[in-house]
Amino acid sequence: MKVGIGYDFHRLVKGRKLVLGGIEILHSKGLLAHSDGDVLLHAIGDAILGASGKRDIGYYFPDTNPKYEGISSIELIKEIIRITKANIINIDSVIICEEPKLSPYIQNMREKVAFILNIDSNSISIKAKTQEGTGLIGRGEGIAVYVVVLIT
């Protein structure tokens, strides 16, 4: 068994959809990124790559490549699974944002991530925390995610 850690952060901006865990979240802002900006899937991808002894997500999907502009992070995760051939046992994640409140979306995110990775949703934990009004995240300027993944 191997463990990987993933992290991602993107700024929130007007004029973009907010996508987390492969689902669209109703909010006035979305995440600024070359892809759809799904920080949860990006952090999961980095954790899987790390556990597999591979390089980071930016190495495989550079933001300088027009091929990945606007791409769904679901497609990136599918490619990461193809690259690593990882058998995922467990995912534990923390999404850090001041808003929107994510509680109503957590179960849908768990189910979507489980479907994408072809694992049981009971093997996925998604928690939402705030920065208590401090820093970039506390001012509502971005969203960060930390992920730990266990693979065989």
Return the minimal non-hydrogen interatomic distance between [X] and [Y], and the atom names on each side.
X	Y	value
L102	A128	CB-CB, 4.0 Å
I80	G45	CD1-CA, 3.6 Å
L12	G140	CD1-O, 3.6 Å
G58	D56	N-OD2, 2.9 Å
G133	E98	N-OE2, 3.1 Å
L31	G37	CD1-O, 3.2 Å

Nearest-0.5 Å distance, [atom1] of residue [X] to [atom2] of residue [Y]:
X	Y	atom1	atom2	answer
I57	D63	CD1	CG	11.5 Å
H27	K14	NE2	NZ	8.5 Å
K67	F61	NZ	CZ	8.5 Å
I71	D38	CD1	CG	12.5 Å
I48	T84	CD1	OG1	6.0 Å
C97	Q131	SG	CD	10.0 Å

Pairwise side-chain contact, [X] with [Y], heavy-atom cut-off 4.5 Å (strictly under):
X	Y	value
V149	I44	no
S52	I151	yes
I143	L18	yes
K78	I81	no
K112	I74	yes
I124	E111	no
T152	M1	yes
L41	M109	no

Would [X] and [Y] show up in the same hydrophobic cluster when neighbours are defined by side-chain heavy atoms closer than 4.5 Å?
X	Y	answer
V148	L49	no
V39	I116	yes
I23	L40	yes
I91	I5	no
I25	I137	no

Can a side-chain donor-acceptor contact be found between H42 and D8 if the only test is distance below 3.5 angstrom?
yes
Kindly indicate, with the supporting measurements, whether the criterion side chain to side chain contact (heavy atoms under 4.5 Å, CB included) is fulfilled by I83 and Y60.
CA-CA 10 Å; I83 291 167; Y60 296 97; 3.8 Å; yes
When you look at N87 and I89, which way does the side chain to side chain contact (heavy atoms under 4.5 Å, CB included) test go after all the steps?
CA-CA 6 Å; N87 179 34; I89 304 300; 4.0 Å; yes
Ignoring hydrogens and geometry, is there a side-chain-to-backbone donor-acceptor pair from R110 to S121 under 3.5 Å?
yes
Tell me, with the steps shown, if E99 and T130 meet side chain to side chain contact (heavy atoms under 4.5 Å, CB included).
CA-CA 8 Å; E99 58 179 41; T130 71; over 6 Å; no
Relative to each other, are the rings of Y7 and Y146 parallel, tilted or perpendicular (30° and 60° limits)?
tilted
Is the [atom1] atom of [X] crowded by more than 12 outside heavy atoms at less than 6.0 Å?
X	atom1	answer
D120	CG	yes
R11	CZ	no
K127	NZ	yes

Could you please spell out the steps behind the side chain to side chain contact (heavy atoms under 4.5 Å, CB included) verdict for L136 and F9?
CA-CA 10 Å; L136 287 171; F9 172 87; 4.2 Å; yes
